[in-house]
Amino acid sequence: MNRENFLPSARRRAFTLIELVVVLGILSLLLVVTVPRVGALYDRQLVEQQVRLLEKDLIWLRAEAQRSGEKASFVRCEGGYRLTVRDANGEQTQTKALVSERLRLQANSLTGQIVFEPRGTAYDKCTLTVRCGEQARTLVVSNLGRIRVGVAS
């Protein structure tokens with residue numbers, strides 16, 4: 001007589017405890033390897049997005065200084081930055097927050113200020129660094145008002 005005929009059909013199709021432990025072990029190894037990489041990709045995307053926004057805002061600020069014939073300034077503040085433009089209607093100030101709370105905006109000067117002259121030049125050279133975890137990018141504003149994006153060291 002065949003022994004398999006006496007076992008319930010559900011018992012013959014079930015996984016053993018060892019098979020389940022092996023599968024869970026493989027899944028946990030895959031998670032250990034992939035989760036840090038996904039986190040690094042997310043950090044890099046945050047930094048790239050913030051740098052693009054900063055570059056766009058600085059280009060706009062320089063253009064506003066040239067258009068209005070008055071100085072325009074960028075000031076780093078807690079959790080973001082402030083753009084100030086003076087024109088015939090008075091002073092306009094916009095405060096912008098960083099894309100994420102995980103980001104840090106640093107400047108090479110204590111004030112973290114960039115002032116664009118009416119002719120489009122900057123009052124002083126300034127380097128802004130956006131950091132998130134291990135990822136970092138820099139924005140350099142030269143005395144001529146040029147804005148360059150680079151990789152932080």
Side-chain angles (χ1 to χ4, degrees), residues 14-153:
F15 294 107
T16 65
L17 183 60
I18 293 176
E19 290 172 332
L20 290 174
V21 168
V22 168
V23 168
L24 289 175
I26 291 171
L27 287 175
S28 64
L29 282 174
L30 286 173
L31 285 174
V32 164
V33 170
T34 58
V35 167
R37 290 184 183 189
V38 171
L41 285 173
Y42 181 70
D43 289 350
R44 190 173 82 209
Q45 287 300 103
L46 282 177
V47 169
E48 290 292 327
Q49 182 181 7
Q50 185 63 59
V51 166
R52 282 193 302 272
L53 286 173
L54 271 171
E55 182 181 23
K56 182 184 76 147
D57 286 341
L58 288 172
I59 290 170
W60 174 82
L61 194 64
R62 182 181 61 199
E64 284 296 309
Q66 291 172 324
R67 183 193 62 78
S68 68
E70 296 285 332
K71 292 181 180 180
S73 64
F74 168 96
V75 178
R76 180 182 61 88
C77 57
E78 187 64 34
Y81 53 95
R82 189 171 48 250
L83 306 170
T84 304
V85 178
R86 292 176 193 84
D87 58 8
N89 299 331
E91 184 174 285
Q92 298 175 1
T93 301
Q94 297 179 20
T95 302
K96 297 195 174 189
L98 298 177
V99 175
S100 171
E101 293 175 359
R102 298 177 63 196
L103 291 171
R104 297 291 170 252
L105 179 61
Q106 301 167 332
N108 66 341
S109 64
L110 291 176
T111 60
Q113 183 174 9
I114 301 169
V115 179
F116 287 105
E117 301 286 336
R119 61 182 179 263
T121 59
Y123 179 71
D124 194 13
K125 180 181 177 180
C126 185
T127 302
L128 300 171
T129 305
V130 178
R131 291 189 184 281
C132 184
E134 297 292 318
Q135 304 295 323
R137 296 290 303 263
T138 59
L139 273 151
V140 179
V141 180
S142 70
N143 290 353
L144 297 174
R146 288 194 189 127
I147 302 163
R148 293 177 298 163
V149 177
V151 179
S153 55

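Positions are given from 1, in the same order as the sequence printed here.
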For [X] versus [Y], what's the shortest heavy-atom pair and its separation?
X: Leu105; Y: Leu128; answer: CD1-CB, 4.2 Å
X: Val149; Y: Val51; answer: CG1-CG1, 3.6 Å
X: Val47; Y: Arg137; answer: CG1-CG, 3.4 Å
X: Lys125; Y: Ser142; answer: CG-CA, 4.3 Å
X: Thr129; Y: Ala136; answer: CG2-CB, 4.4 Å
X: Ser73; Y: Val115; answer: CB-CG2, 4.2 Å

Would you give the length of the straight line joining atom [atom1] of [X] to atom [atom2] of [Y], rounded to the nearest 0.5 angstrom?
X: Gln50; Y: Asp57; atom1: CD; atom2: CG; answer: 8.5 Å
X: Ile26; Y: Leu31; atom1: CD1; atom2: CG; answer: 12.5 Å
X: Arg102; Y: Asp43; atom1: CZ; atom2: CG; answer: 4.0 Å
X: Arg76; Y: Leu98; atom1: CZ; atom2: CG; answer: 10.0 Å
X: Thr84; Y: Leu61; atom1: OG1; atom2: CG; answer: 8.0 Å
X: Ile114; Y: Leu139; atom1: CD1; atom2: CG; answer: 8.0 Å

Are the side chain of [X] and the backbone N or O of [Y] linked by a donor-acceptor pair below 3.5 Å?
X: Thr121; Y: Glu117; value: no
X: Arg62; Y: Gly145; value: yes
X: Gln135; Y: Cys132; value: no
X: Arg146; Y: Asn143; value: no

If you count every heavy atom of other residues, nucleotides or ligands that lies below 6.0 Å from Glu101 atom CD, does the total exceed 12?
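Result for CD/Glu101: open.
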More than 12 foreign heavy atoms under 6.0 Å from CG of Leu24: is that the case here?
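Count over threshold, so yes.
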Check Arg52 with Glu55, please: is the shortest side-chain N to carboxylate O separation under 4.0 Å?
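A salt bridge is absent here (no side-chain N lies under 4.0 Å from a carboxylate O).
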Strictly by ring pair (Phe, Tyr, Trp, His ring centres under 6.0 Å), give each pair with a member in residues 77-105 just once, sequence neighbours left out.
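Sorted pair list: Phe74-Tyr81.
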Any side-chain heavy atom of Lys56 within less than 4.5 Å of one from Trp60?
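Heavy-atom side-chain distance check fails, nothing below 4.5 Å.
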Go through it in stages, so that I can follow the logic: the residues are Val130 and Leu103, the test is side-chain contact (heavy atoms from CB on, under 4.5 Å), and I'd like the CA-CA distance, side-chain angles, deciding distance and then a yes or no.
CA-CA 7 Å; Val130 178; Leu103 291 171; 3.9 Å; yes
Residues forming a salt bridge (Lys or Arg N to Asp or Glu O under 4.0 Å) with Glu91, sequence neighbours excluded
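Testing Glu91 for salt bridge (Lys or Arg N to Asp or Glu O under 4.0 Å), a comparison that skips the adjacent residues, returns Arg86.
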